[in-house]
Amino acid sequence: MAITPPPQRIWWKEPIAKVELSWIIIAFVWGLVMFFMMIYWHGAGEQNLSNEAYKITPERFAEKSQAMIDEYTVREENYFPVVHPPAGSDVYLIARLWQWWPILELKKGETYRLHLSSLDWMHGFSLQPVNINVQVHPGYEMVVTIKPDQAGEFGIVCNEYCGLGHHLMVGKIYVVE
Ligand code: CUA
């Protein structure tokens with residue numbers, strides 16, 4: 001029984017039972033298979049993002065985002081600026097307690113470089129219903145190249161627990177024709 005010490009304290013010298021050994025080998029080989037599948041699916045599976053990450057301070061990220069907001073805001077919605085940056089440009093989305101700021105309006109069929117960073121804690125960018133997920137860290141800027149292929153309204157939810165307002169941290173991206 002596990003609550004009493006073994007009669008002979010040589011468990012590390014005992015031979016491994018055959019069944020246990022086979023399970024160790026199976027688990028090891030399966031681990032290798034899954035490791036190489038990760039690489040394979042990156043190219044063939046169309047499910048992994050090819051994102052880039054750079055170091056940035058929250059101040060600098062806020063500055064760059066604000067420059068885009070100042071230049072390309074087209075209207076307001078519930079005190080959120082709706083920003084329509086030029087096709088093909090760098091677009092910025094701030095994650096902070098507890099908002100995705102601003103609302104982006106993108107054109108269908110155009111390519112953008114979407115920059116994501118947090119000004120405070122870790123947040124999780126989750127674009128719905130397409131299910132694109134990116135962890136958003138303070139101090140790092142994640143850049144994802146995106147090309148929206150359908151028009152409509154897309155929701156952003158935060159999928160990393162970030163405190164009291166976590167469940168309120170929703171945003172949106174418009175894709176227009
Ligand atoms: Cu931000 Cu949860």
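Here the structure is a predicted model, which is why all the values come from computation and not from measurement. These numbers come from the heavy atoms of this one structure, side chains and all, not from hydrogens, waters or symmetry mates. Whatever order the structure lists them in is the order used to number ligands and atoms, beginning at 1.
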**OP:** Walk me through it: do Glu76 and Val82 pass the test side chain to side chain contact (heavy atoms under 4.5 Å, CB included)?
**Re:** CA-CA 6 Å; Glu76 267 198 11; Val82 179; over 6 Å; no
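Legend: salt bridge (Lys or Arg N to Asp or Glu O under 4.0 Å) pairs involving residues 129-156, not counting sequence neighbours, sorted by first then second residue: Lys64-Glu141, Glu153-Lys172. Pairs of residues two or more places apart, or lying in two chains, never qualify as side-chain hydrogen bond (donor to acceptor under 3.5 Å, both in side chains) while including a residue from residues 15-27.
Glu52 and Tyr54 share a side-chain donor-acceptor pair at under 3.5 Å.
Within the protein, the N, O or S atoms sitting under 2.8 Å from atom 1 (Cu) of ligand 1 are His123 ND1, Cys158 SG, Cys162 SG, Met169 SD.
Val170 belongs to a hydrophobic cluster whose remaining members, ordered by chain and number, are Val157; membership requires side-chain heavy atoms of ILVMFWY residues under 4.5 Å apart, directly or through intermediates.
Contact annotation: the side chain of Trp121 never approaches that of Glu160 to less than 4.5 Å [non-hydrogen atoms, C-beta and beyond].
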